[in-house]
Trainee: 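This is the structure I want to talk about, given as structure tokens.
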Amino acid sequence: MELIILGTSASYPQAGKACSGYLIKSTGSNLLIDLGSGVLGNLQQHIDPRDLDAIILSHLHPDHFTDIFSLQIYLEFPAGAIRKIPLFAPPGSDRRLAALSWANSKDPTELFEFTDLAAGTSFNIADLIVTAAETEHAETTFAVRVEDSTDGASLTYTADTGPSPQVEELARGTDLLLAEATWLRRPDSDGVGHLSATEAGELAERAQAHALALTHLGADVDASQAVQLAKSAFGKNVELATEGDTFLVGQ
């Protein structure tokens, strides 16, 4: 199972980067997790978006989903038969996306087959098994664990979250933890729900993850310091997720 990093920026695309987006490729499937601004262009460097087997939107904050509208245009033109792409997202996402679509566009339900995410549920996408857990965030948000049914390799993506026992349990023993690290150090007040670099490392250590990669760093965060703080807390090597990187999960 491969994890390809398509975007890592928090809140807005930093210079030359994209917001959150991650492509998981296995023997039998292409799964896209999150579709923030700039992700669609990077996705096309790896696959034709029409070849996606499913999309997961962790939540509907703009830096995690707004390229869904660009994908709608991509799927609509040139005109022809449209294969609905399964789309897993928080409850009510179909209505919210429809309300934001432009007047002459197809309704999102004509392009995507919507399924509500729910805490503790598992579902299959071809040879991948996906399990969801709700995170600690201002918007209803889901972390996901993706396992390859052929070899047992596992990846857990925290999405946006503050410290969370549910996310920790979801990540238990995962081969790779892809964790947000919005803050270098926790601010005095965080009313949204994010992790600091140290907290990301602590999460990986408590969950007994085999490897940790940091993503969703704030624009003012020094990446090298974030990696060092997370490494000190984790006690193992820590990678920085960067656009274009490929991680071979479970190897």
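Computed from heavy atoms alone, side chains included, the values below leave out hydrogens, waters and symmetry copies.
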Trainee: Going by atom types only, do H216 and D63 share a side-chain donor-acceptor pair under 3.5 Å?
Mentor: yes
Trainee: Taking the side chain as C-beta and beyond, is there a heavy-atom pair between L52 and L43 under 4.5 Å?
Mentor: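 In short, these two side chains touch, coming nearer than 4.5 Å.
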Trainee: Determine whether I5 and T215 make a side-chain contact, defined as any pair of heavy atoms from C-beta on separated by less than 4.5 Å.
Mentor: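 Side-chain contact under 4.5 Å: no.
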Trainee: Check whether any side-chain heavy atom of T8 sits under 4.5 Å from a side-chain heavy atom of L217, and report yes or no.
Mentor: no
Trainee: Using a 4.5 Å cut-off on heavy atoms from C-beta on, say whether the side chain of T115 contacts that of P86.
Mentor: no
Trainee: Give every residue pair that meets the salt bridge (Lys or Arg N to Asp or Glu O under 4.0 Å) criterion with at least one member in residues 228-250, sequence neighbours excluded.
Mentor: none
Trainee: With F112, which residues qualify under ring-ring contact (aromatic ring centres under 6.0 Å, His included), at least two apart?
Mentor: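 Scan of F112 (ring-ring contact (aromatic ring centres under 6.0 Å, His included), adjacent residues dropped) gives none.
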Trainee: Quick check against the 3.5 Å criterion: does S164 have a side-chain atom that pairs as donor or acceptor with the backbone of Q166?
Mentor: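 Looks like yes, one N/O pair under 3.5 Å.
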Trainee: Is R186 salt-bridged to E202, cutoff N-O under 4.0 Å?
Mentor: no
Trainee: Is the closest side-chain heavy-atom distance between L97 and F114 below 4.5 Å?
Mentor: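 They are in contact (side-chain heavy atoms under 4.5 Å apart), so the answer is yes.
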Trainee: Applying the side chain to side chain donor-acceptor pair (under 3.5 Å) criterion to S26, which one of T150, D127, D151, D148 satisfies it?
Mentor: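 The passing option is D127.
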Trainee: Please work out whether the ring planes of H61 and H137 are parallel, tilted or perpendicular, with thresholds of 30° and 60°.
Mentor: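 H61 vs H137 ring planes: perpendicular.
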Trainee: Would a 4.5 Å heavy-atom cut-off, applied to side chains only, mark P90 and F142 as touching?
Mentor: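 The answer is yes, as the side chains (C-beta and beyond) meet within the 4.5 Å cut-off.
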Trainee: Got more than 12 heavy atoms from elsewhere within 6.0 Å of CD, Q208?
Mentor: no
Trainee: Begin from the C-alpha positions of I33 and I24 and carry the test side-chain contact (heavy atoms from CB on, under 4.5 Å) through to its verdict.
Mentor: CA-CA 8 Å; I33 303 178; I24 297 176; 3.7 Å; yes
Trainee: Got L184 and D220 here, is their nearest side-chain heavy-atom distance under 4.5 Å?
Mentor: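 The answer is no, as the side chains (C-beta and beyond) never meet within the 4.5 Å cut-off.
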Trainee: Hey, does the side chain of T121 reach the backbone of A118 with a donor-acceptor pair shorter than 3.5 angstrom?
Mentor: yes
Trainee: Donor-acceptor pair, Q44 side chain versus L40 backbone, under 3.5 Å?
Mentor: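 Yes; judged by distance alone, with no hydrogens or angles, the pair exists.
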Trainee: May I ask you to say whether K106 pairs ionically with E76, meaning some side-chain N is under 4.0 Å from a carboxylate O?
Mentor: no
Trainee: If you measure only the distance, is there a donor-acceptor pair under 3.5 Å linking the side chains of D160 and H64?
Mentor: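 Their side chains do contain a donor-acceptor pair, which is all the 3.5 Å distance test asks for.
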Trainee: If a pair satisfies salt bridge (Lys or Arg N to Asp or Glu O under 4.0 Å) and one of its residues is in residues 43-56, list it, with sequence neighbours excluded.
Mentor: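 Salt bridge (Lys or Arg N to Asp or Glu O under 4.0 Å) check on residues 43-56 returns D48-R50.
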Trainee: Regarding T109 and D94, is there a side-chain donor-to-acceptor distance under 3.5 Å anywhere?
Mentor: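 On atom types as modelled, these side chains do not qualify, holding no pair under 3.5 Å.
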